[in-house]
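Quick note on labels: first sequence line is chain A, next is B, and so on, each numbered from 1.
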Amino acid sequence: MSGKAILALVDGTVYRGEAFGAETTAFGEIIFITSMTGYQEMLTDPSFAGQIVVPTYPLIGNYGINPDDVESAKIQVRGFVLREYCPVPSNRRSEGTLEDYLKEANIPGLSGIDTRSLTRHIRSKGVMMGILTSDLTSGEALHELKQLPDYGDTDFVREVSIANAFEWEGGQKRQTYRYNMVIVDMGLRFNIARILSRLGCRVTVVPCTFSSQEILAMQPDGVVLSPGPGNPALLDYAIENIKGLLGKKPVLGICLGHQLIGRAFGADTFKLKFGHRGANHPVCDLATGKVHITSQNHGYAIDADTLKGGLQVSHINLNDGTIEGLRHSSMPIISIQYHAEGSPGPQDNTYIFDRFLQMVSEVKG
Amino acid sequence: MAGLSKVLVIGSGPIIIGQAAEFDYAGAQACKSLREEGITTVLVNSNPATIMTDEGIADIVYIEPLTVEVVERIIERERPEGLLPTLGGQTGLNLAVELADTGILDKYNVRMLGTPLETIKKAEERSLFKQLILEIGEPIPESVTVNTVGEAREFALSIGLPLIVRPSYTLGGTGGGIVHTMAELEATVENGLASSMSHQVLVERCLLGWKEIEYEVMRDAADNCITICNMENIDPMGVHTGDSIVVAPSQTLTDKEYQMLRSASLKIIRALRIEGGCNIQFALTPGPVVARKWAPDQLNADGSQYYIIEVNPRVSRSSALASKATGYPIARVAAKIAAGKRLDEIPNRVTGKTMAVFEPALDYCVIKIPRWPFDKFAGGDRTLGSQMKATGEVMAIERCFEAGLQKAVRSLEIGRRSLLWEDKSWSDADGHINYPLHANDMRLWALMAALRRKMDPEQLAEQTGIDPWFLHKMSNIVKLEQRLLSEDLNPELLWQAKRLGFSDEQISTLGDMLPDQVRQLRNRWNIKPVYKMVDTCAAEFDAETPYFYSTYEVENEAESLTGSKAVVIGSGPIRIGQGIEFDYCSVHSAWALKEAGYKSIMVNSNPETVSTDFDTSDRLYFEPLDGESVLDILENENSKLLVSAFTPSVLQFGGQTAINLAASLSRNNSPILGSNAEIIDLAEDRRRFEDFLNHQGIPQPPGTGVTTISQGQEVARTLGYPVLVRPSYVLGGRGMEITQNQEELTRYMEQALELDERHPILIDKYFEGKEVEVDAVSDGTDVLIPGIMEHIERTGVHSGDSIAVYPAAGLSKDEANTLVDYTVRTGLALGIKGLMNIQFVIMRGNSGEQSSIYMLEVNPRASRTIPFISKVTGVPMVRIATKVMLGISLREQGYKTGLYGKKALVGVKAPVFSMSKLTGVDTYLSPEMKSTGEVMGIDLTYEAALAKALIAAGLMLPSQGALLFSIADKNKAEALPIIRGFYDLGYQIYATRGTADMIKEHDMDVKAISRKLNEGHPNIVEIIGSGSVVGVVNTVTGGRIPLQDGFHIRRASTERRIPCFTSLDTAGAVLKVLSQGSQSYNVKPLSQYLGS
Ligand SMILES: Nc1ncnc2c1ncn2[C@@H]1O[C@H](COP(=O)(O)OP(=O)(O)O)[C@@H](O)[C@H]1O
Ligand SMILES: Nc1ncnc2c1ncn2[C@@H]1O[C@H](COP(=O)(O)OP(=O)(O)O)[C@@H](O)[C@H]1O
Ligand SMILES: [Mg+2]
Ligand SMILES: [Mg+2]
């Protein structure tokens, strides 16, 4: 940790601190997340593509970096902004420091700033674009910002999705699988695949560009539409494919997947002021009346007033009443806006996967 | 919940180690919460120094002993539909279980609310608990439950030592411990069986060195579950959570580990079907550095292993801490759940927008440090283990660990000790160091010292079992110390130092300047703290809590409050001599300010208390109570810079802590409400006060201050022995002793002089007489005295340790008049505005001769007896005093000068001790205060009130049995009638040789036993240990080093948990009650006694 670095926001606000990680320049949408643990899972969450992430918890890096707690193959965030970076981690599984981890991926970090005031700023002004740099002056940075495309106009799904389909190896190999699952990777979090294969599924992950024909040709028992980054309104190509699956195969949509199902049926999506990002959001399952604490990471949501085509609300957020889950009145389709796979976050919601497999087995007969 | 209109809430009784103010906080919150639901609450508690026992909290208040008999009578009278057992700590829980087991709840069909009985049993009965945990497939350490020592041995032989012994239904690890030898095992198991309500102990595999992690969990009847907070104990397994330095949230756990334990917590609370909150303790595999020494078998185990240590199915010390650490009001929500509400039906008062069903997100880190009583009990065993020894705790909130740790240390108020402190005796001669690095109350400072001597953090981690993460953080502090020592102070360095929590005082010490200079530099360079909000949601939502902590960052969220306002300085951690009474006073002062139209701003560092509940005052600053942080807060509140507009402070209610701030506040011309710094100094400085009294013609025991031993011997000779010696400016009689002769005096002075060089030693003539105490409030024109309290024990027993009686029946009219006259004159002449407390000794000449009254001391502040006297007289002292300070005269408030009309009732305040927790501490009563809490007995007659006080304090003797007497020669004659009295009541008499001879001479039967431990069997200690006697009367020969066997007698009765009276006056009182039929007392609501 040597030089100084700055974070400049498009509205002209500038925060000064110490550079850590790669000493370079990165721009992206500035968002905050309130989970107190799980920074390695955050860093590797493809839904953060195109974003500079600010954990509200001030002490980050404490337990180092290990080979297992990753949610994708690489670091996905554009930059990481902290109150304090811990250079001497301690944990039995730690194999390196957060700083080296960022350096290797050429991702810049900034530490030593008043992240709470930054969070309050975003909360009141809404999320916005910003630049994290250790080589530009604030003047230059602000000038740069003006030239840059807005987060909401960029399709990040293509960036994060895999090139070729592959079979998930995570789980223990078996002779016989309960079900044949296809996950459409729009920014897959590994834990979804881990859980499905733990539940006895054969899991194949396919690129977001796979057509519905190609997917159906694989004769899946069910299809999971993964979470992913960015604005669902930019993803008509994906929606086309999804339309080809709906009603034909049981479908589970998670986060972005959930939003796309909504759009496929003609609903609108809108951008939340500062998103839902954390591990403590209460969600009510309207079927049981039970409340579950959920892990969330999304900046867009489905507009409840525009729901059409037999979609019904199955879950709602108790903080702001937004839609957290959908089911279809006649077709085998369920979807959730939050992360049943947690990671980081509570493991309370894996019942969603059981519910989906139940649906799958009923269809399969 | 259908048909729930009246609920009985059981309080936790007197403050003892392991059960402190947190239950007043929880109980008060719960009662308010139930009220909101339209439920009538009936509260019973024996502790008068509690907010929960005030009007306005519960609807019907009983201040009565917490016994099955009493509570049955209350139930019979009130017929509540429900009983809330989970708010009164272990006391309330165990009492509820007894009420259920004895069929009383069924008899009056009272429903147990919140947590069902079988759940309590499953959680508390170690064997049932183990069974349940195994059923749900959660890991629990290998163990056996035993009812005999034999079974314990077998287990030890099969799995080997060390092992840990854990009794059922006990508190703070009472009666348990970690044992390394067979002998230890047998002794501990015996003790454990004795202390366990169900005569059962668990003998368990020892997990020393594992991480100890706690989760606070809540569940409602609809099976919605959330975790409020997790906490990581810095001291690993083996040190009681109550004695551990704790950080929240956990710092060294990955999300995987965090969620693993969280999921287990939810599984457990569901299996237990708890409706409300509970605390779950886990042991977790230590990191490699620690495992190397403490858990080698874990080194290459894959994945982290965990074990469930225990569940407390109730609100607890930890839940209070979690509430203050997160802003989430656990007790309040638990009460609503017990009343049938679901988590998603309860609004989150903090955000005002969201519901109670969420998990707080912290954007700061919280450190708790226990406050141990070893500054008073230097002789006690300071090692920490599975049995709790701390009397209180402090909490600090900061944005980084180092700053939080240093802030917490400042809050401890152990002298002005910062992390720089090192004990003189510590040395690292020829490389090897003798710092106490084993678990003990000084370990934190020892670790710092070791790091300063360049010891490797990892090596220290391996040695102590503390995770290296914490030691690296501590070494960051040491590194900055080095910079402050070697570099010139510049804005950048000062900023760094403040960010890491260095106080101005530390910085000045290291930079060789004066603290005020550092403050000036901070002003010049504009380096000031900002205040951030505790909002439960890490700023995700716009919150309304007026709950703030200081930190050195950019943005300040605490705009100075507008309108007229005052700052109430709290009393900090609970310690012997400064207990919950002062929190009681602070809270009432805040309320009184509100009534008078002022905004109240509370400053305190104690997480257990009602005062640090964010809705007690208009604004709460959770901060250390030292000059620096209080001045910073005042600056933050002083919107305008004109002195006239400065925010005033109230210092009278925060005990000595607040009083000690007077000087530095007035130096910074910061206004003080009520008696000002000058008045305070006049009363506190014994020299000046002596002149004052001479001037007033009010007698005081002759005496002077001395600074050399020869001087002292000279003074004592002229005064004549016995003399009372003490350092000046003491609280709770610290370091105070009665010396009978020159060598006792000399020995005392040798030790005491180093106790505190800054102040001289005071030598007073010791008058052995009747001690009385008054609290009074003065407005400068009138002085109101609500009542006079007479002590049962004569002078020489600290006022805090003696039984006090209202009204003082034993005084002649003249004596009472003189007391009033002295009090009124003192109040007016000193110019007291607000409260004062005075203690007198009355020396009676032989009959007829008129007695002389001496003034012992004046405390220019609220005293320990304020809650008691307010409750028994119905005079709300704190409210009156606060209004007086605001300029509303006593007359305007409807009071006048002199003694307030006597009530037709008797109130007795009795002390409660925690000696069974403090091994090695001598228990005899002396001028040094030793009690941790108090109870009150109130009734229409003296005997009944006294009986209730004794019962509630656990000082009452069973109606028959054997008593052991061991009386010092100087008391023998006086003891005779008392012994006779017990003898006539049919008690068998045991006595030590000399005492026995005297008893025989007066032809009573007596069993003589050898006093000396080595002269034949059974000796006294064995007699006591074997349970052959139900009580002990033992007077001390005097001096600091009591006879070893006397010490053993007292300790033995403590371990055996039978009363041991070291003052004949107490024994006499017990005799009086027993001979007058103690059992006939009333059980009535407080209001009815007062009404009568
Ligand atoms: N198996 C064990 N090995 C080592 N230490 C233990 C073990 N069980 C308990 N302890 C220690 O003893 C302390 C007190 O035990 P606990 O059951 O929590 O008593 P209490 O009911 O008084 O809280 C715990 O905080 C822990 O540090
Ligand atoms: N001169 C004296 N003669 C007899 N007893 C005394 C004398 N001074 C103090 N004491 C006893 O010591 C106790 C503590 O003394 P005090 O001055 O009240 O100390 P503290 O400031 O701790 O309350 C008193 O309650 C009283 O019993
Ligand atoms: Mg415990
Ligand atoms: Mg006193």
task = Measure distances from Ala538(B) to the heavy atoms of chain A and classify the residue's part below 4.5 Å as side chain, backbone, both or neither.
result = both
inquiry  = Closer than 4.0 angstrom, basic N to acidic O: yes or no for Arg116(A) and Glu557(B)?
reply    = yes
ask   = Between Asn91(A) and Glu257(B), is any side-chain donor less than 3.5 angstrom from a side-chain acceptor?
value = yes
request  = Flag yes if more than 12 heavy atoms outside Asp302(B) fall under 6.0 Å of its CG atom; otherwise flag no.
outcome  = no
request  = Check each atom of Asp535(B) against the heavy atoms of chain A and say whether the ones under 4.5 Å are side chain, backbone, both or neither.
outcome  = side chain
ask   = Is the count of non-hydrogen atoms from other residues, nucleotides or ligands lying under 6.0 Å from Glu492(B) atom CD greater than 12?
value = yes
ask   = Which answer fits Asp542(B), side chain, backbone, both or neither, if we ask what part of it has an atom under 4.5 Å from a heavy atom of chain A?
value = both
request  = Could you tell me whether the side chain of Glu555(B) reaches within less than 4.5 Å of the side chain of His121(A), counting heavy atoms only?
outcome  = no
query = For atom CZ of Arg123(A), is the number of surrounding heavy atoms from other residues, nucleotides or ligands below 6.0 Å larger than 12?
reply = yes
ask   = Any ion pair linking Arg277(A) and Glu540(B) (charged N to carboxylate O, less than 4.0 Å)?
value = no
request  = Give a yes or no answer on whether the side chain of Arg92(A) reaches the backbone of Gln298(B) with a donor-acceptor pair at less than 3.5 Å.
outcome  = yes
remark   = Rounded to the nearest 0.5 angstrom, the OG-NZ distance for Ser90(A) and Lys473(B) is 11.5 Å
query = Quick one: does Asn62(A)'s side chain get under 4.5 Å of Trp469(B)'s, heavy atoms only?
reply = yes
task = Give, as side chain, backbone, both or neither, the part of Asp223(B) having an atom under 4.5 angstrom from any heavy atom of chain A.
result = both
ask   = Who among Thr56(A), Thr34(A), Thr119(A), Val291(A) has the most heavy-atom pairs with chain B under 4.5 Å?
value = Val291(A)
inquiry  = What I want to find out is whether Glu84(A) reaches Arg399(B) closely enough, with some N-O distance under 4.0 Å, to be called a salt bridge.
reply    = no
remark   = Looking only at heavy atoms, the pair that brings Arg120(A) and Ala539(B) closest together is CG-CB, 3.8 Å
inquiry  = Check this for me, if you would: do Asp348(A) and Arg262(B) make a salt bridge, where the nitrogen-to-carboxylate-oxygen distance has to be below 4.0 angstrom?
reply    = yes
inquiry  = If I measure from the heavy atoms of chain A, does Phe358(B) come under 4.5 Å with its side chain, its backbone, both, or neither?
reply    = both
query = Can you tell which of Asn476(B), Thr354(B), Asn224(B) has the highest number of heavy-atom pairs within less than 4.5 Å of chain A?
reply = Asn224(B)
message = Please identify, among Asp344(B), Asp467(B), Leu362(B), the residue contributing the most non-hydrogen atom pairs under 4.5 Å to chain A.
response = Leu362(B)
ask   = Looking only at atom types and distance, does a side-chain atom of Asp363(B) sit under 3.5 Å from a main-chain N or O of Tyr57(A), one as donor and one as acceptor?
value = no
inquiry  = Using side-chain heavy atoms (C-beta onward) and a distance below 4.5 Å, is Asn319(A) in contact with Phe541(B)?
reply    = yes
request  = Tell me, for His281(A) versus chain B, whether the close heavy atoms (under 4.5 Å) come from the side chain, the backbone, both or neither.
outcome  = side chain
request  = Could you have a look at Ser263(B), Gly287(B), Pro288(B) and say which one has the most heavy-atom pairs with chain A under 4.5 angstrom?
outcome  = Pro288(B)
key: Heavy-atom donor-acceptor pair, Asp255(B) side chain to Gly345(A) backbone, under 3.5 Å   = yes
key: Toward chain A, the part of Thr227(B) with a non-hydrogen atom under 4.5 Å   = neither
ask   = Looking at Leu253(B), Val530(B), Val289(B), which makes the most heavy-atom pairs under 4.5 Å with chain A?
value = Leu253(B)
key: chain B contact via Ser343(A) - side chain, backbone, both or neither, heavy atoms under 4.5 Å   = both
query = Of the backbone (N, CA, C, O) and the side chain (C-beta and beyond), which part of Tyr15(A) lies under 4.5 Å from a heavy atom of chain B, both, or neither?
reply = neither
query = Going from CD1 on Ile65(A) to OG1 on Thr254(B), what distance comes out if it is rounded to the nearest 0.5 angstrom?
reply = 11.0 Å
ask   = Any side-chain heavy atom of Tyr63(A) within less than 4.5 Å of one from Thr252(B)?
value = no
inquiry  = With a 3.5 Å distance limit and no angle check, can you tell me whether Arg342(B) reaches the backbone of Lys290(A) through a side-chain donor-acceptor pair?
reply    = no
query = Counting heavy-atom pairs under 4.5 Å to chain B, which of Ser124(A), Pro346(A), Pro282(A), Ser94(A) comes out on top?
reply = Pro346(A)
note = Under 4.5 Å to a heavy atom of chain B? For Ile122(A) that would be neither
message = Salt bridge or not between Lys532(B) and Asp114(A)? Use side-chain N to carboxylate O under 4.0 Å.
response = yes
request  = Supply the atom-to-atom distance Ile293(A) CD1 to Leu266(B) CG, rounded to the nearest 0.5 angstrom.
outcome  = 9.0 Å
task = Tell me, out of Cys225(B), Ala291(B), Gly303(B), Pro360(B), who's got the most heavy-atom pairs with chain A below 4.5 Å.
result = Gly303(B)
Structural part of Phe274(A) lying under 4.5 Å from a heavy atom of chain B = side chain
Minimum-distance pair of heavy atoms, taken over all atoms of Asn280(A) and Ala361(B) = ND2-CB, 3.8 Å
ask   = If you count heavy-atom pairs under 4.5 Å with chain A, which of Arg499(B), Met355(B), His472(B), Met260(B) comes out on top?
value = Arg499(B)
